[in-house]
Amino acid sequence: MTSKTKALIFNLIAFALLFLVFRLTIGAIIKGDTFWLALISAVIASILAPKFIVVKDDGKEKILMKTIFSKDVREL
């Protein structure tokens, strides 16, 4: 599995977990139309989810993670 594939899977898993948490939490608090609940949850999850990217450094591919909560970039 290439580094780009791993980064894509990490992005998908992080978004999906946050989306489900926010969807169920907001759905339990506010009873409303499912479209708007899903839309609000998707926007919140896309903002809060960590971003995984692949960078080539000295001929090696590295997976880096950036979140909005920390200014530094972590290497995985």
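FYI, side chains are in, hydrogens and waters are out, and symmetry mates aren't considered; it's all heavy atoms of this structure. On a predicted model such as this, the values are computed, not experimentally measured, just so you know.
No single ILVMFWY cluster, assembled from side-chain heavy atoms under 4.5 Å apart, contains both Ile53 and Met65.
Under the salt bridge (Lys or Arg N to Asp or Glu O under 4.0 Å) criterion, the residue pairs touching residues 39-59 are Asp57-Lys62, with sequence neighbours excluded. Sequence neighbours left out, not one pair with a member in residues 26-51 passes ring-ring contact (aromatic ring centres under 6.0 Å, His included).
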Output a table of donor-acceptor pairs, distance under 3.5 Å, between side-chain atoms of residues 9-32 and any protein atom two or more places apart or on a different chain; print 'none' if there are none.
residue : atom : partner : partner atom : Å
Asn11   : OD1  : Phe52   : N            : 2.9
Asn11   : ND2  : Ala7    : O            : 3.2
Asn11   : ND2  : Phe52   : O            : 3.1
Thr25   : OG1  : Val21   : O            : 2.7

Solution key, residues 69-76 side-chain donor-acceptor pairs under 3.5 Å, sequence neighbours excluded:
residue : atom : partner : partner atom : Å
Ser70   : OG   : Thr67   : OG1          : 3.2
Ser70   : OG   : Asp72   : OD1          : 3.2

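A search for side chain to side chain donor-acceptor pair (under 3.5 Å) contacts involving Asp33 returns nothing, not counting sequence neighbours. Not counting sequence neighbours, Leu8 has no partner by the side-chain contact (heavy atoms from CB on, under 4.5 Å) test. For Thr2, the side chain to side chain donor-acceptor pair (under 3.5 Å) criterion is met by Thr5, not counting sequence neighbours.
For Lys66, the NZ atom counts as densely surrounded, since its 6.0 Å shell holds more than 12 non-hydrogen atoms of other residues, nucleotides or ligands.
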